[in-house]
Amino acid sequence: MVSDPRRSTQHGQLKQLYAILDEQDICAEIRNTNRYHQLDLDFHTTLAELHGNSEMVRTLQQMRDKMYRLSRRLHRIHPERLSLNAQQHRAIVDAIR
């Protein structure tokens, strides 16, 4: 029986998403917004890659700096949203698993 390489790749990307989520939880708890936002961008890029959406991956890469600035500004004003955002991300990954 030959394993499907796409399935292996998807499994690896899901593991990567859960690793990102685990680190986001820690960053939200200690309010490490710099690292949190890097992980947020990694989350969205990995999710787009998982679904084979190369156009979204390219768009996210082009908008990375702008997204980072917007996210930082939002969470400076509303730091409580870090945990909520991380919970929403986890729910998304749980739903597609």
Side-chain angles (χ1 to χ4, degrees):
M1 177 177 229
V2 177
S3 66
D4 184 349
R6 289 173 298 176
R7 196 165 184 90
S8 176
T9 299
Q10 289 174 344
H11 178 72
Q13 288 169 320
L14 283 172
K15 283 178 64 175
Q16 183 180 359
L17 285 168
Y18 279 113
I20 290 168
L21 293 170
D22 290 344
E23 193 173 347
Q24 274 189 316
D25 287 340
I26 293 167
C27 289
E29 185 177 322
I30 64 173
R31 302 271 169 98
N32 181 345
T33 57
N34 284 331
R35 180 67 182 140
Y36 184 93
H37 297 299
Q38 292 168 355
L39 291 164
D40 187 56
L41 295 170
D42 292 345
F43 172 83
H44 289 281
T45 302
T46 303
L47 192 60
E49 289 170 346
L50 173 68
H51 291 285
N53 191 336
S54 59
E55 183 64 30
M56 180 59 76
V57 171
R58 188 170 35 263
T59 300
L60 287 167
Q61 289 169 345
Q62 290 171 349
M63 297 184 64
R64 194 167 184 90
D65 290 338
K66 184 175 185 173
M67 289 174 57
Y68 180 82
R69 287 191 308 273
L70 289 170
S71 186
R72 291 267 304 151
R73 187 176 7 201
L74 171 69
H75 291 116
R76 230 186 350 260
I77 297 167
H78 300 286
E80 71 282 359
R81 295 224 9 110
L82 290 171
S83 292
L84 177 61
N85 192 22
Q87 290 171 7
Q88 292 169 340
H89 284 174
R90 191 169 296 277
I92 290 167
V93 177
D94 288 345
I96 63 172
R97 187 178 72 180

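The structure presented is a predicted model; accordingly, all values stated were derived computationally and were not measured.
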### Message
The test is side chain to side chain contact (heavy atoms under 4.5 Å, CB included); show your working for His89 and His44 and say whether it passes.
### Response
CA-CA 9 Å; His89 284 174; His44 289 281; 3.4 Å; yes
### Task
Rounded to the nearest 0.5 Å, what's the gap from CE on Met67 to OG1 on Thr59? Could you check?
10.0 Å
### Task
Taking Tyr36 for its side chain and Ala86 for its backbone only, find out whether a donor-acceptor pair lies under 3.5 Å.
yes
### Summary
Taken to the nearest 0.5 Å, the spacing of Thr33 OG1 from Asp40 CG works out to 11.5 Å
### Query
Does any non-hydrogen side-chain atom of Val57 lie less than 4.5 Å from one of Gln61?
yes
### Message
Is any side-chain heavy atom of Leu74 closer than 4.5 Å to one of His78?
### Response
yes
### Cluster link Ile92 to Leu14, ILVMFWY, side chain under 4.5 Å
yes
### Task
Establish whether Ile30 and Leu82 are linked, either directly or via other cluster members, by ILVMFWY side-chain heavy-atom contacts under 4.5 Å.
no
### Task
Using the side chain to side chain contact (heavy atoms under 4.5 Å, CB included) rule, take Asn34 and Arg72 through it: C-alpha gap first, then chi angles, then the decisive distance, then the call.
CA-CA 8 Å; Asn34 284 331; Arg72 291 267 304 151; 3.1 Å; yes
### Message
Any side-chain to backbone donor/acceptor pair from Thr45 onto Leu41? Under 3.5 Å, distance only.
### Response
yes
### Query
Hey, are the side chains of Asp22 and Arg90 touching, using non-hydrogen atoms and a 4.5 Å cut-off?
yes
### Task
Report whether Tyr68 and Met56 are members of the same hydrophobic cluster (ILVMFWY, side-chain heavy atoms less than 4.5 Å apart, transitive linking).
yes
### Message
How long is the straight-line distance from CG of Leu21 back to CD of Gln16, given to the nearest 0.5 Å?
### Response
10.5 Å
### Message
Nearest 0.5 angstrom please: Leu17 CG to Lys15 NZ, how far?
### Response
12.5 Å
### Query
Do you know the tightest heavy-atom contact between Gln38 and Arg64?
O-NH2, 4.0 Å
#### Entry: NE2-CD distance between His51 and Gln10, expressed to the nearest 0.5 angstrom
8.5 Å
### Query
Would Ile20 end up clustered with Ile96 when hydrophobic side chains under 4.5 Å apart are linked, directly or stepwise?
yes
### Query
Hey, any chance Leu70 and Met63 share a hydrophobic cluster, counting ILVMFWY side chains that come within less than 4.5 Å of each other, even indirectly?
no
### Inter-residue atom distance Leu39.CG - Glu23.CD, 0.5 Å rounding
4.5 Å
